Amino acid sequence: MRSRTPQGTEERPGGVRLRALRRPLAVWALMAVLAVLNGGFREVVLVSRLGHRVAHLLSTALLVAAILLVAYGFFRSTSVDYRRTELAAVGVCWTVLTVGFEFLVGYVEGTPVSVTLGQYDVLAGQVWIAVPVTLLVAPLLFGHASRRG
């Protein structure tokens, strides 16, 4: 007779263990706080000194760097041996949460969806897409690298 395990915690080869996603959700919350602080820094300090365009570029670069540092620190220090599928799931979760947060904030502020979508228009010179792309790939990059050493 097989022993019972709590729902969602059973081990499946190659599957995603739900418990493996808990800490990365807390890490995303930290990154969300850093993103809000970064946005405040951009609006209060950078825009007045550099103008909107340069401030946006620098702010995006700073946020990408912060995300990479936080992800590296997390995966370097965690004792969890993440599977490739779990790392991909973490990246997808971080990305979906971030994009969802952006649209939620836009909705609350009364920003039209077209304006929020416009932030992702690379052909119009927008660079914000670098943030969700970084969130998507950072777990695979650093989670995989942390397994080797």
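Quantities reported herein were computed from a predicted structural model and do not represent experimental measurements.
Under a cut-off of 6.0 angstrom, the local environment of CZ in R23 is sparse, with at most 12 non-hydrogen atoms contributed by other residues, nucleotides or ligands. At most 12 heavy atoms of other shown residues, nucleotides or ligands fall within 6.0 angstrom of atom OH in Y107.
The distance from the CZ atom of R42 to the NE2 atom of H52 is 9.5 Å, given to the nearest 0.5 Å. Residue I129 holds its CD1 atom at 10.0 Å from OG1 of T134, rounded to the nearest 0.5 Å. Separation of atoms CG (L104) and CD (E109) is listed at 10.0 Å; rounding is to 0.5 Å. Taken to the nearest 0.5 Å, the CG atom of L58 stands 11.5 Å off from the CG atom of L63. Interatomic distance, L46 CG to L57 CG, rounded to the nearest 0.5 Å: 11.0 Å. The line from CD1 of I67 to CG of L62 is 11.0 Å long, rounded to the nearest 0.5 Å.
Closest heavy-atom contact between T95 and P132: OG1-O, 3.3 Å. Between L50 and A55, the closest heavy-atom pair is CB-N, 4.2 Å. For A89 against L21, the heavy-atom pair with the smallest separation is CB-CD2, 4.3 Å. Of all the heavy atoms in N38 and S59, the pair that sits closest is ND2-OG, 2.8 Å. Looking at every heavy atom in both residues, V45 comes nearest to S48 through O-OG, 3.2 Å.
Taking the six-membered ring for Trp and the full ring otherwise, the centers of F142 and F74 sit at least 6.0 Å from each other.
L87 has its side chain out of reach of R83: every pair of non-hydrogen atoms, C-beta onward, lies at least 4.5 Å apart.
L68 and V70 fall within the same hydrophobic cluster, defined by Ile, Leu, Val, Met, Phe, Trp and Tyr side-chain heavy atoms under 4.5 Å apart, directly or through other members. By the criterion of side-chain heavy atoms lying less than 4.5 angstrom apart, applied directly or through intervening Ile, Leu, Val, Met, Phe, Trp or Tyr residues, V64 is grouped together with V99 in one hydrophobic cluster. In terms of hydrophobic clustering, with Ile, Leu, Val, Met, Phe, Trp and Tyr side chains grouped at heavy-atom distances under 4.5 Å, F75 and V92 are assigned to different clusters. Hydrophobic clustering of Ile, Leu, Val, Met, Phe, Trp and Tyr side chains at less than 4.5 Å, counting indirect connections, unites V36 with V27. No path of Ile, Leu, Val, Met, Phe, Trp and Tyr side chains, each step under 4.5 Å between heavy atoms, connects V54 with V47, placing them in separate hydrophobic clusters.
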Next item on the list: List the steps and the verdict of side-chain contact (heavy atoms from CB on, under 4.5 Å) for L136 and W94.
Entry: CA-CA 7 Å; L136 183 65; W94 284 357; over 6 Å; no
Next item on the list: For side-chain contact (heavy atoms from CB on, under 4.5 Å), just list the numbers for M31 and L135, CA-CA rounded to whole Å, side-chain angles, deciding distance to a tenth of an Å, and then say yes or no.
Entry: CA-CA 10 Å; M31 289 189 283; L135 289 162; 4.0 Å; yes
Next item on the list: Could you walk me through whether L25 and L97 pass the side-chain contact (heavy atoms from CB on, under 4.5 Å) test, one step at a time?
Entry: CA-CA 9 Å; L25 288 177; L97 287 169; 3.7 Å; yes
Next item on the list: Apply side-chain contact (heavy atoms from CB on, under 4.5 Å) to T98 and W28, showing your working.
Entry: CA-CA 8 Å; T98 299; W28 178 82; 2.8 Å; yes
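In this structure, F101 has no ring-ring contact (aromatic ring centres under 6.0 Å, His included) partners at least two apart in sequence or on a different chain.
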Enumerate, atom names and distances included, each donor-acceptor pair closer than 3.5 Å involving a side-chain atom of residues 111-126, sequence neighbours excluded.
{"unit_1": "Y120", "atom_1": "OH", "unit_2": "W128", "atom_2": "NE1", "d": "3.1"}
{"unit_1": "D121", "atom_1": "OD1", "unit_2": "L123", "atom_2": "N", "d": "3.2"}
{"unit_1": "D121", "atom_1": "OD1", "unit_2": "A124", "atom_2": "N", "d": "3.3"}

